[in-house]
Student: 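Here you go, one structure.
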2 protein chains.
Amino acid sequence: MIDNLTTTTLADKVEERIIGYIKENNLVPGDHLPNEMQFVEMFGISRNVVREALSRLRMLGLIQTRTKRGIVVTEPPLLNGFRKILDPSLFSVKSIKEMMGMRIALEIGLAEFLFTNVNNNDIQELEKIVKRQKAIGSDNLSFEEEVAFHSKIYEIAGNNFISQLTQIMHPVFVFVKKNYSNYFLPVSKKLKERGEVVSHEMILKLIRNRDKKGYHKAVRLHLKHYWEFIYNYNESDII
Amino acid sequence: MIDNLTTTTLADKVEERIIGYIKENNLVPGDHLPNEMQFVEMFGISRNVVREALSRLRMLGLIQTRTKRGIVVTEPPLLNGFRKILDPSLFSVKSIKEMMGMRIALEIGLAEFLFTNVNNNDIQELEKIVKRQKAIGSDNLSFEEEVAFHSKIYEIAGNNFISQLTQIMHPVFVFVKKNYSNYFLPVSKKLKERGEVVSHEMILKLIRNRDKKGYHKAVRLHLKHYWEFIYNYNESDII
DNA sequence: TAAATCCTATTTGTAGGACAAATATAATAA
DNA sequence: TTATTATATTTGTCCTACAAATAGGATTTA
């Protein structure tokens with residue numbers, strides 16, 4: 001009985017037309033848009049609909065609106081929309097697998113920039129983090145500690161976009177590890193038995209030695225849980 | 001005179017609360033949300049504001065709304081929001097550089113999946129594409145042709161998320177090459193002179209030979225324009 | 001009894017009016 | 001010339017009304 005026919009409302013069309021307006025007129029951040037009533041007249045619709053459409057663009061960060069000042073185009077934060085939808089429990093296994101794949105690809109590809117940029121000062125800071133975490137014990141790391149190391153890596157690589165993207169997706173991975181623990185735990189155990197566990201300390205060593213190839217390999221191992229999940233997990237395994 | 005104080009409206013708060021409602025109640029795709037009037041009562045605000053907030057979530061693909069049926073949670077397309085904001089002319093050089101970095105990292109990281117998945121049938125299809133393009137001449141490729149090869153690569157790698165992301169960003173790169181041509185043309189020329197141009201044909205050969213390392217290197221060269229731009233371009237070069 | 005048809009109540013979609021709040025701009029005063 | 005005040009404009013919020021779609025129940029028909 002559930003069909004996917006998703007009705008397109010006036011707000012949908014107006015949203016499109018306003019985005020179109022920005023493009024056609026080559027508006028750039030700082031430029032003014034017509035105000036609400038002008039759009040009402042341009043499109044021959046109620047102010048309500050215009051406001052719905054503007055509200056969407058406002059949410060994405062494409063415009064800013066202020067009383068009397070009117071509507072101004074702004075440079076949108078790249079991942080505003082992505083961040084909002086990232087509720088882990090909403091996603092199918094397929095989507096989650098794709099996010100994992102993305103994470104792996106990024107982490108490996110990032111090495112290009114990491115090894116180009118890294119300097120001794122960076123390495124000292126990484127050493128500080130690793131030393132602190134070693135004292136805590138690698139199994140007892142808090143969320144913040146777990147993130148700290150990788151965040152620093154992203155920082156060195158100098159790509160905020162990638163860093164944000166990974167951070168935003170992080171809760172999804174936490175969720176999956178928890179909710180698919182009957183899959184992850186055995187994999188994790190097996191990896192440990194085989195000694196195929198990559199610590200932050202080991203990764204740091206590879207960076208220190210500027211060993212990009214070793215780094216690639218290490219990252220693959222570090223994220224092997226996900227790799228296994230992508231290729232071997234079937235939904236039927238659970239039920 | 002321009003300050004960045006961005007007022008938070010009621011719609012902003014209600015949007016947050018509705019997303020919160022979904023999370024707190026562990027709603028999953030298919031589940032019903034309270035209807036508009038119930039939200040009006042829950043939050044003690046006007047229907048207008050509720051509709052603005054719902055309109056946003058609707059746009060992101062987080063919910064579907066249909067007359068009489070009410071409001072239903074849906075699995076959001078990962079990149080709905082991202083697609084909407086991707087008007088090339090809106091972005092600063094910094095953002096563009098980060099997108100380029102992302103593209104390079106993805107393309108290199110993707111090799112992991114590409115080389116894991118690729119089979120002879122895939123290679124035959126790639127050969128067909130390359131043959132066709134060779135007949136056209138590599139300098140005269142249409143947009144569709146240019147994309148065709150890479151799309152096939154993404155398809156083999158089996159990650160729709162990455163594929164979409166790259167496709168969405170593509171217009172940005174086209175825009176940059178055009179608008180920063182006084183930067184790109186000399187680089188392009190230099191690369192050609194040095195014979196450092198990587199054709200689709202060469203990439204195909206590497207894939208056929210399952211030469212991952214060579215592939216990494218080739219991709220770096222293939223995207224070297226962007227690499228140069230990231231590291232060497234200064235805005236002052238233009239003006 | 002079962003199936004098809006029609007009705008009705010509910011819910012979203014659109015319109016339009018009213019007023020509050022903020023503020024750029026013009027007018028006035030020091 | 002500068003500081004203050006007043007005004008007009010524009011977004012933000014609330015309200016009411018009605019149109020359009022439709023799920024679910026009531027009714028009719030086979």
Side-chain angles (χ1 to χ4, degrees), chain A residues 1-19 21-22 25 27 29-74 76, chain B residues 1-19 21-22 25 27 29-74 76:
Chain A
M1 203 59 64
I2 292 177
D3 54 72
N4 291 331
L5 293 175
T6 165
T7 58
T8 90
T9 65
L10 264 181
D12 293 328
K13 291 172 197 156
V14 171
E15 177 207 321
E16 243 179 86
R17 292 189 68 175
I18 295 178
I19 290 180
Y21 184 94
I22 294 174
N25 296 83
L27 300 187
D31 290 345
H32 277 257
L33 253 61
N35 62 36
E36 293 181 358
M37 288 315 288
Q38 286 170 313
F39 277 130
V40 166
E41 285 178 25
M42 277 170 70
F43 303 145
I45 51 173
S46 77
R47 186 168 163 231
N48 250 327
V49 173
V50 171
R51 280 190 61 80
E52 270 192 34
L54 290 174
S55 185
R56 297 174 175 191
L57 304 189
R58 197 187 136 96
M59 176 203 63
L60 292 177
L62 211 57
I63 59 171
Q64 274 186 10
T65 53
R66 288 184 59 190
T67 308
K68 178 81 190 200
R69 171 96 54 86
I71 307 167
V72 181
V73 177
T74 53
Chain B
M1 201 60 65
I2 292 177
D3 54 72
N4 291 331
L5 293 175
T6 165
T7 57
T8 90
T9 65
L10 264 182
D12 294 328
K13 291 173 197 155
V14 170
E15 177 207 321
E16 242 180 86
R17 291 189 69 175
I18 294 178
I19 290 180
Y21 183 94
I22 294 174
N25 295 84
L27 299 187
D31 290 346
H32 272 81
L33 252 62
N35 62 38
E36 292 180 357
M37 288 314 289
Q38 286 171 314
F39 277 129
V40 167
E41 287 179 23
M42 276 170 69
F43 303 145
I45 52 172
S46 78
R47 187 169 161 229
N48 245 323
V49 173
V50 171
R51 280 191 61 80
E52 269 192 35
L54 289 174
S55 185
R56 297 174 175 191
L57 304 190
R58 197 189 136 96
M59 177 204 61
L60 291 176
L62 210 58
I63 59 172
Q64 274 185 11
T65 52
R66 289 186 58 192
T67 308
K68 178 79 193 208
R69 170 98 53 88
I71 307 166
V72 181
V73 177
T74 53

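To find a chain, count down the sequence lines: A is the first, B the second, and so on, and within it residues start at 1.
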Student: Going by heavy atoms in the side chains, are A:Phe43 and A:Ile18 under 4.5 Å from each other?
Tutor: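 They are in contact (side-chain heavy atoms under 4.5 Å apart), so the answer is yes.
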Student: Which whole-number value in Å describes the distance from B:Leu10 CG to C:dA20 P?
Tutor: 16 Å
Student: Do B:Leu27 and B:Tyr21 have side chains that get closer than 4.5 Å, going by heavy atoms?
Tutor: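 Contact flag for B:Leu27/B:Tyr21 side chains = yes.
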Student: In the structure I gave you, are the side-chain heavy atoms of A:Thr67 and B:Thr7 within less than 4.5 Å of one another anywhere?
Tutor: no
Student: Would you say B:Thr65 reaches C:dG13's phosphate, i.e. side-chain N/O to OP1/OP2 under 4.0 Å?
Tutor: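 Looking at the OP1 and OP2 atoms of C:dG13, one of them is under 4.0 Å from a side-chain N or O of B:Thr65.
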Student: Find the distance B:Glu52:CD to C:dT12:P and express it as a whole number of Å.
Tutor: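 Computing the B:Glu52:CD to C:dT12:P distance gives 17 Å.
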Student: Taking only residues at least two apart or on different chains, which pairs with a member in residues 38-48 of chain A satisfy salt bridge (Lys or Arg N to Asp or Glu O under 4.0 Å)?
Tutor: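 Listed once each, the pairs are A:Glu36-A:Arg47.
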Student: Just wondering, do A:Arg58 and B:Thr9 contact through their side chains at under 4.5 Å, heavy atoms?
Tutor: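 Heavy-atom side-chain distance check passes, below 4.5 Å.
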Student: Return no unless some side-chain N or O of A:Arg58 is found under 4.0 Å from OP1 or OP2 of D:dG12.
Tutor: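 True: A:Arg58 side-chain N/O within range (under 4.0 Å) of D:dG12 OP1/OP2.
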Student: Mind calculating the distance between CG (A:Asp12) and C1' (C:dG13) to the nearest angstrom?
Tutor: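 To the nearest whole Å, that distance equals 11 Å.
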Student: Calculate the interatomic distance between B:His32 atom NE2 and D:dT22 atom C1'; express it in whole Å.
Tutor: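 From B:His32 NE2 to D:dT22 C1': 12 Å.
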Student: Applying salt bridge (Lys or Arg N to Asp or Glu O under 4.0 Å), name anything that partners A:Arg17, two or more places apart in sequence or on another chain.
Tutor: none
Student: Whole Å only: how far is the CG atom of A:Asn35 from the P atom of D:dA8?
Tutor: 18 Å
Student: Counting just side-chain N and O atoms, does A:Arg66 come under 4.0 Å of either OP1 or OP2 of D:dT11?
Tutor: no
Student: Give me the residues of residues 38-49 of chain A where at least one heavy atom lies under 4.0 Å from an atom of DNA chain C, by number, or none.
Tutor: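 A:Ile45, A:Ser46, A:Arg47, A:Asn48, A:Val49 - these, ordered by number, are the residues of the stretch whose heavy atoms sit under 4.0 Å from the strand.
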Student: Mind checking A:Ile71 for me? I need base, sugar-phosphate or nothing, with any heavy atom below 4.0 Å counting as a touch.
Tutor: sugar-phosphate
Student: Tell me whether the OP1 or OP2 atom of D:dT11 has a side-chain N or O from A:Arg51 closer than 4.0 Å.
Tutor: no
Student: Tell me, do A:Arg56 and A:Asp12 make a side-chain contact under 4.5 Å, heavy atoms counted?
Tutor: yes
Student: Measure from CZ on B:Arg69 to C1' on C:dT10 and round the result to the nearest Å.
Tutor: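 Checked: the CZ to C1' distance equals 14 Å.
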Student: I want to confirm an ordering. Mapping A:Thr67 and A:Thr8 to their closest nucleotides on DNA chain C, which one lands closer to the 5' end?
Tutor: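 This one resolves to A:Thr8.
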Student: Please report, rounded to the nearest Å, how far the P atom of D:dA8 is from the NZ atom of A:Lys68.
Tutor: 10 Å
Student: Would you kindly give the CD-to-C1' distance between B:Glu36 and D:dC14, to the nearest whole Å?
Tutor: 15 Å
